[in-house]
Amino acid sequence: MSEDTLKQEKKAKLDWWKSQGIEPYGRKFLREPISGLTAERKGTVSIAGRIMTIRRHGKAAFCDVMDQSGKIQVYFKKDIIGDVLFERFKNLDVGDIVGLKGELFITHTGQLTLLVKDFVILSKILGTLPEKWHGLRDVEVRYRKRYLDLIVNPESREIFFLRIKILNMIRDFLNSAGYLEVETPMMHPIPGGAEARPFITHHNALDMDLYLRIAPELYLKRLLVGGMEKVYEINRSFRNEGISTLHNPEFTMLELYCAYGDYQEMMELTENLISHIVNEIFKSHEIDFGDTKIDFSLPWKKIYWEDCWKKFGIENWKDKQQIKKVFSDLHLDTEGKEDIFELLDLLFKRTIEPELIDPTFIIKFPIETSPLAKCWPGESSMVERFELYIGGLEIANAYSELNDPLEQKKRFLEEMERPSERPKVVDEDYIEALEYGMPPAGGLGIGIDRLVMILTGCLSIRDVILFPLLRPKQ
RNA sequence: GGGCCGUUAGCUCAACUGGCAGAGCAGGGCACUCUUAAUGCCAAGGCUGGAGGUUCGAUUCCUCCACGGCCUACCA
């Protein structure tokens, strides 16, 4: 059966409805959520939803009707609804959206069912839903036509409902801790707050290039200068880099700042926030992830970044020869990297990161890789910073914020001298803001998509983003 | 960007070393007033992702293209 033939058959049914003087695309319909219905409920109830299956039996039929809240079996009986409505029922298809009125009863097999007394069609399907039993498996179609995925794949619905729940829990948690949710620009004259290639756009009236934000950090910290003490933004940021199971060009991040705090406070907040979410959702501190389990019991493991290298026999991580020897001992390719920090980063990614399954904080980083972080007390070459790893993924990054404008400017200038493919401009406006005085503060960023991946057991970021970026078909 | 793999009916999948492309579901017809992957009978549905090539003959082998997946690189 070709797609065109199928569509023609549906179109013929649409015309049938119209020939009866009935508009098949209806209007407002008062109804209640299906999930709230129980056998004890007496009298007429009104529901609406999509017909998912039809089991016809001559002069009667059972259907399953689904709304956002759930699914219920409904029973159409010619005796009950009469000839006219039964004829209309015959012109319903799987996939049609209907409004139904009737009474609840329990079938002989013990199933809660709505005995239909009256119904209206609210939307006629012209396409064909994917198969009821296997659902929609083709990942490409699932991403391109997410609406179909949501209709027929319950697992997919659960993932996105859980994502929404997680975001609500984050907001509730932060709001009750006194944090203010703010919105800062997504179009930046200077890309900053992270190391990434930006997307460029153009404002016609001002005739100026603008960059889609790669991070909201520098604007949120301007708010600290302005006297807002606890702020957060659940932000979409944009990075013009490759796409992978861990990367979508636009992604969701939580960034928050707490005046008069530091990275330690951010560490406690991260532990409390994420373990709270895990406990609320799973009623347990342990969850399945891939072939393993992740244990969220507090307190989480803490490892100094400098101590990561000891197991490789590196006494002094500033000694490039020692690092390179480790690479050759482990038969790892240095991939042409010469910079000490790039080499260490690569070594970390290859050997340490994949093993950080239970939540683990890596603490105290070299200043060269952290231009916005405050120095470690008494150690001007290191900073107060942590990264959080869960399930082998980098989930969060936090530090004590650098609030010294002169030091900040010096760091920016030093950063510009390091080799990079990315545009580097000193954000003088940000420096000026710091000159008016920013309180000491702790700052935290959490990758929301990745956190949702961990909590839903998804191995690809595309499975937790409703509409991941794909190349247009043909 | 590089490597490997995939693309067959609306959906889910078959088709041995190259030999007439099959099924289930959905859709159509008939029967059926407690089914739930309803059931029984009947009929229909395809330029095998696209373009070339090899061959008597290509879903199958080769080349190119498109899209996707996984790995890899940049990044979070």
Check nucleotides 7-10 of chain B for protein N or O atoms closer than 3.5 Å to its own N or O atoms and list the pairs.
from    : atom 1 : to    : atom 2 : distance (Å)
rG10(B) : OP1    : M1(A) : O      : 3.1
rG10(B) : OP1    : E3(A) : N      : 3.0
rG10(B) : N7     : M1(A) : O      : 3.3

Using the side-chain heavy atoms of [X], tell me which of these nucleotides is nearest: [options].
| X | options | value |
| --- | --- | --- |
| F105(A) | rC34(B), rG68(B), rA26(B) | rC34(B) |
| H247(A) | rA38(B), rC70(B), rA76(B) | rA76(B) |
| R239(A) | rU12(B), rC75(B), rC70(B) | rC75(B) |
| T107(A) | rC75(B), rG69(B), rU35(B) | rU35(B) |
| K13(A) | rG28(B), rC70(B), rA76(B) | rG28(B) |
| L136(A) | rA26(B), rU12(B), rC75(B) | rU12(B) |
| T245(A) | rG69(B), rC70(B), rU35(B) | rC70(B) |
| E140(A) | rC75(B), rC70(B), rC67(B) | rC67(B) |
| D93(A) | rG28(B), rC70(B), rU12(B) | rG28(B) |

Donor-acceptor pair between E181(A) and Y179(A) side chains, under 3.5 angstrom: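 There is no such pair (donor and acceptor under 3.5 Å, judged by atom type) between the side chains of E181(A) and Y179(A).
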
Could you give the [atom1]-to-[atom2] distance, from [X] to [N], as a whole number of Å?
| X | N | atom1 | atom2 | answer |
| --- | --- | --- | --- | --- |
| I461(A) | rG69(B) | CD1 | C1' | 16 Å |
| H134(A) | rA26(B) | NE2 | P | 12 Å |
| I243(A) | rG69(B) | CD1 | C1' | 13 Å |
| E342(A) | rC74(B) | CD | C1' | 10 Å |
| F348(A) | rC75(B) | CZ | P | 15 Å |
| I362(A) | rA76(B) | CD1 | P | 16 Å |

D93(A): which of K10(A), K11(A), K124(A) passes salt bridge (charged side-chain N to carboxylate O under 4.0 Å, His left out): K124(A)

From OH (Y232(A)) to CD (E255(A)), nearest 0.5 Å: 14.0 Å

Approximate separation, where rounding is to 0.5 Å, of K301(A) NZ and L388(A) CG: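 Here the interatomic distance stands at 12.0 Å.
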
Whole-Å P distance, rG46(B) and rU8(B): 15 Å

Is [X] touching bases, backbone alone, or none of the nucleic acid, heavy atoms closer than 4.0 Å?
| X | value |
| --- | --- |
| R471(A) | sugar-phosphate |
| G127(A) | nothing |
| R142(A) | nothing |
| G447(A) | nothing |
| N248(A) | base |
| L470(A) | sugar-phosphate |
| I81(A) | nothing |
| D138(A) | sugar-phosphate |

Per-pair stack call F62(A) and rA38(B), 5.5 Å, 30°: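 Check failed, F62(A) does not stack on base of rA38(B).
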
Under the 3.5 Å Watson-Crick or G-U criterion, the dot-bracket string of RNA chain B, with | for inter-strand pairs: (((((((..((((.....[..))))..((((.......))))......(((((..]....))))))))))))....

Under-4.0 Å side-chain N/O to phosphate OP1/OP2 contact, R55(A) with rU35(B): no

Who pairs with [X] by side chain to side chain donor-acceptor pair (under 3.5 Å), at least two apart in sequence or on another chain?
| X | value |
| --- | --- |
| K364(A) | E306(A), E379(A) |
| D209(A) | H202(A) |
| D307(A) | K310(A) |
| K7(A) | none |

Report, one line per pair, each donor and acceptor closer than 3.5 Å where one atom sits in a side chain of residues 50-63 of chain A; sequence neighbours left out.
from   : atom 1 : to     : atom 2 : distance (Å)
R50(A) : NH1    : G95(A) : O      : 2.8
T53(A) : OG1    : R55(A) : NH1    : 3.3
T53(A) : OG1    : D64(A) : N      : 3.4
T53(A) : OG1    : D64(A) : OD2    : 2.6
R55(A) : NH1    : D64(A) : OD2    : 3.2
R55(A) : NH2    : Q73(A) : OE1    : 2.7
R56(A) : NH2    : L92(A) : O      : 3.0

Contact list for residues 111-157 of chain A, test ring-ring contact (aromatic ring centres under 6.0 Å, His included), sequence neighbours left out: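 ring-ring contact (aromatic ring centres under 6.0 Å, His included) check on residues 111-157 of chain A returns F76(A)-F119(A).
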
Min side-chain heavy-atom separation Y219(A)-R222(A) under 4.5 Å: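 In short, these two side chains touch, coming nearer than 4.5 Å.
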
K90(A) bridged to E87(A) by N-O distance under 4.0 Å: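 Yes, K90(A) and E87(A) are salt-bridged.
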
Salt-bridge criterion met for R137(A) and E155(A) (N-O under 4.0 Å): yes

Nucleotides 29-33 of chain B: which of its N/O atoms have a protein N/O under 3.5 Å away?
from    : atom 1 : to     : atom 2 : distance (Å)
rC32(B) : N3     : G58(A) : N      : 3.1
rC32(B) : N4     : G58(A) : N      : 3.3
rU33(B) : OP2    : K59(A) : N      : 3.4
rU33(B) : N3     : D79(A) : OD1    : 3.2
rU33(B) : N3     : D79(A) : OD2    : 3.0
rU33(B) : O4     : D79(A) : OD1    : 2.0
rU33(B) : O4     : D79(A) : OD2    : 3.2

Base of rU35(B) paired with side chain of T113(A) (donor-acceptor, under 3.5 Å):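 Not at all, since no donor on one side and acceptor on the other fall under 3.5 Å apart.
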
W376(A) ring center within less than 6.0 Å of Y263(A) ring center: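 Yes - the distance between ring centres of Y263(A) and W376(A) falls below the 6.0 Å cut-off.
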
Salt bridge (Lys or Arg N to Asp or Glu O under 4.0 Å) against R146(A), all qualifying residues, sequence neighbours excluded: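 D149(A).
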
List, one per line, each side-chain donor-acceptor pair under 3.5 Å for residues 34-49 of chain A, sequence neighbours excluded.
from   : atom 1 : to     : atom 2 : distance (Å)
S35(A) : OG     : S69(A) : OG     : 3.3
T38(A) : OG1    : E40(A) : OE1    : 3.4
R41(A) : NH1    : E32(A) : OE1    : 2.9
R41(A) : NH1    : E32(A) : OE2    : 3.1
R41(A) : NH2    : E32(A) : OE2    : 3.0
S46(A) : OG     : L30(A) : O      : 2.7

Residues touching RNA chain B, which here means a heavy atom under 4.0 Å, drawn from residues 143-152 of chain A: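 Of all residues in residues 143-152 of chain A, the ones placing a heavy atom under 4.0 Å from RNA chain B are Y143(A), R144(A).
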
